[in-house]
Amino acid sequence: MAEKTLNPFEIAQRQIRKAVDELNETDELYYFLSEPMRTLEVSIPVTMDDGHTKVFTGYRVQHNDAIGPTKGGIRFHPKVTKDEVKALATWMTFKCLVVGLPYGGAKGGVIVDPKELSKVELERLSRGYANAISPIIGPKKDIPAPDVNTDGQVMAWMVDEYSQLRGTGQTVHAVFTGKPVEFGGCLGRTEATGYGVALMAREAVKELGMELDVTTSTVQGFGNVGSYAAKYLSELGSKVIGISDFSCCIHNPKGLNIKKAMEYVKVNKLLTGYEEVDSTELSRDELFLIESDLIAPCALENAITSKNAEDIKTKLIVEGANGPTTPEAEKILLRKGVFIVPDILANAGGVTVSYLEWVQNLYHYYWSFKEIQDKQEDKMVEAFENIIHLMREKDVDMRSAAYMIAIQKIAIPLRLRGWIYEEKPEDKVK
Ligand code: NAD
């Protein structure tokens with residue numbers, strides 16, 4: 001049946017409802033978790049290079065701060081919507097809970113195509129956005145980070161803007177993560193999300209009774225997450241036979257040279273035109289038609305839908321992107337026996353290392369690249385094992401088990417703080 005709606009926020013709410021029901025939890029808990037606690041919409045006036053002013057719309061959504069300050073990236077994209085940012089903020093809460101970070105979820109977005117801006121216009125927009133959301137962010141309140149089309153440079157401008165606004169003469173590094181290493185950033189942060197995707201692929205492949213070095217894999221999206229996912233999958237032994245980005249898909253049944261492809265994209269921005277011996281260029285969606293042991297969708301949400309799920313031939317999907325598989329597609333894939341490592345675990349490497357960056361900024365004490373990657377691996381593998389344990393115990397799929405773990409964890413502080421109280425008629429004082 002065709003999917004009526006692909007609104008990511010409705011998808012997030014359905015995922016929470018399912019896990020709340022599976023845990024026999026209360027409606028009060030569901031209602032509390034199904035809406036963000038705060039949604040800020042801002043208008044950002046930017047002086048363009050030709051002298052006229054253009055007003056951009058942005059959002060910052062904070063889903064829940066029951067456990068600690070909120071945390072989540074900022075996306076610059078022409079298709080940003082309020083509901084998309086609400087969904088992404090909601091998923092962040094569950095992601096932080098799954099890997100055991102002392103954060104709630106948040107997300108930000110600006111409706112803009114950054115490719116159409118000059119560098120100076122991008123700086124003005126980044127500063128304008130940081131200024132507009134500054135009343136609700138802070139190192140102990142809400143700590144943004146990069147997401148699609150934002151990077152360390154954008155974070156550096158935002159830190160500078162926020163610090164100037166405070167007017168104390170101090171640089172507040174800990175208010176944003178994902179900064180350049182030379183400016184309070186963390187070694188291993190750039191690689192972290194993709195590295196985590198490869199680690200989770202390794203664990204899931206073991207779960208399926210295989211070893212990564214006898215597998216083939218394909219990766220959708222060749223930006224920050226996809227390129228490093230492909231690089232580490234390849235380094236851990238998988239033969240990466242397909243990669244794609246917005247422009248095309250590159251297929252090489254003999255295995256791609258990911259380092260070379262990354263160097264090509266650094267210069268040419270897109271994969272189109274990239275060649276290797278035995279490689280062919282296909283259209284971008286043909287990636288999902290390549291048969292491989294595992295697929296890592298690392299582009300945007302709603303990549304795998306009821307329209308293409310039947311055609312996908314794989315044993316394992318490791319969700320590098322947020323929300324890449326729609327619920328209808330998931331039903332089809334689970335029926336076909338495909339194992340899915342859900343986004344809230346698979347791409348949690350980014351926020352895990354962002355957490356380490358924040359801790360280092362607060363303590364002014366910095367770890368080595370290896371120490372960071374080891375800490376990330378420990379946290380993610382432990383989370384993987386906990387989810388698998390509950391998945392077996394409750395006989396549910398991995399996404400449901402991940403949500404159930406998160407909901408069990410957050411229900412405790414919500415009740416302790418008195419934010420939800422389920423009074424039954426018989427509890428009432430007569
Ligand atoms: P990015 O902008 O660096 O890369 C996105 C990539 O997807 C680009 O290569 C783009 O060309 C490609 N793409 C876009 N549409 C496509 C399509 N239809 N088919 C194939 N490729 C397409 O973004 P990113 O930071 O790599 O983020 C990707 C996803 O991972 C997003 O869902 C994001 O929310 C999620 N994520 C990112 C991080 C992080 O640390 N960057 C952390 C957690 C989750």
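Whatever order the structure lists them in is the order used to number ligands and atoms, beginning at 1. Computed from heavy atoms alone, side chains included, the values below leave out hydrogens, waters and symmetry copies. Start at 1 with the first residue, then count along the sequence. Computed from a predicted model, the values in this text were never measured in an experiment.
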Task: Of the listed options Gly221, Ala299, Gly178, closest to atom 29 (C) of ligand 1 (non-hydrogen atoms) - done: Ala299
- [ ] Kindly confirm or rule out an N or O of Val225 lying under 3.5 angstrom from an N or O of ligand 1.
- [x] yes
Open item on the list: Under 3.5 Å between any N/O of Glu301 and any N/O of ligand 1: does that happen in this structure?
Closed with: no
Open item on the list: With rounding to the nearest 0.5 angstrom, report the OH to OG1 distance, Tyr228 to Thr190.
Closed with: 6.0 Å
TODO: Step by step, work out the salt bridge (Lys or Arg N to Asp or Glu O under 4.0 Å) result for Lys54 and Glu116.
DONE: CA-CA 13 Å; Lys54 199 167 168 185; Glu116 290 174 2; 5.3 Å; no
Open item on the list: Any nitrogen or oxygen of Asp285, side chain or backbone, less than 3.5 Å from one on ligand 1?
Closed with: no
- [ ] Considering only non-hydrogen protein atoms, determine which one is nearest to atom 11 (O) of ligand 1 and report residue, atom name and distance to 0.1 Å.
- [x] Phe246 N, 2.9 Å
Open item on the list: I want to confirm something. Looking only at heavy atoms, which of Thr190, Asn322, Asn149 is nearest to atom 35 (C) of ligand 1?
Closed with: Asn322
- [ ] Report the part of Arg189 (side chain from C-beta onward, or backbone N, CA, C, O) that has a heavy atom under 4.0 Å from ligand 1; answer both or neither where that applies.
- [x] side chain
TODO: Name the closest protein heavy atom to atom 40 (O) of ligand 1, giving the residue it belongs to and the distance to 0.1 Å.
DONE: Thr193 OG1, 2.7 Å
Open item on the list: Could you identify the single nearest non-hydrogen protein atom to atom 17 (C) of ligand 1 and state the distance to 0.1 Å?
Closed with: Arg284 CD, 3.9 Å
Open item on the list: Nearest non-hydrogen contact with atom 3 (O) of ligand 1 belongs to which option: Asn224, Val148, Thr177?
Closed with: Asn224
Open item on the list: Side chain, backbone, both or neither: which applies to Ala192 and ligand 1 if a contact is any heavy-atom pair less than 4.0 Å apart?
Closed with: neither
Task: Polar contact flag for Gly223 and ligand 1 (N/O pairs, less than 3.5 Å) - done: yes
- [ ] Looking only at protein heavy atoms, identify the closest one to atom 21 (N) of ligand 1 and say how far it is in Å.
- [x] Asp245 C, 3.1 Å
Open item on the list: When you compare ligand 1 with Leu300, is there at least one nitrogen or oxygen pair between them that comes in under 3.5 angstrom?
Closed with: no
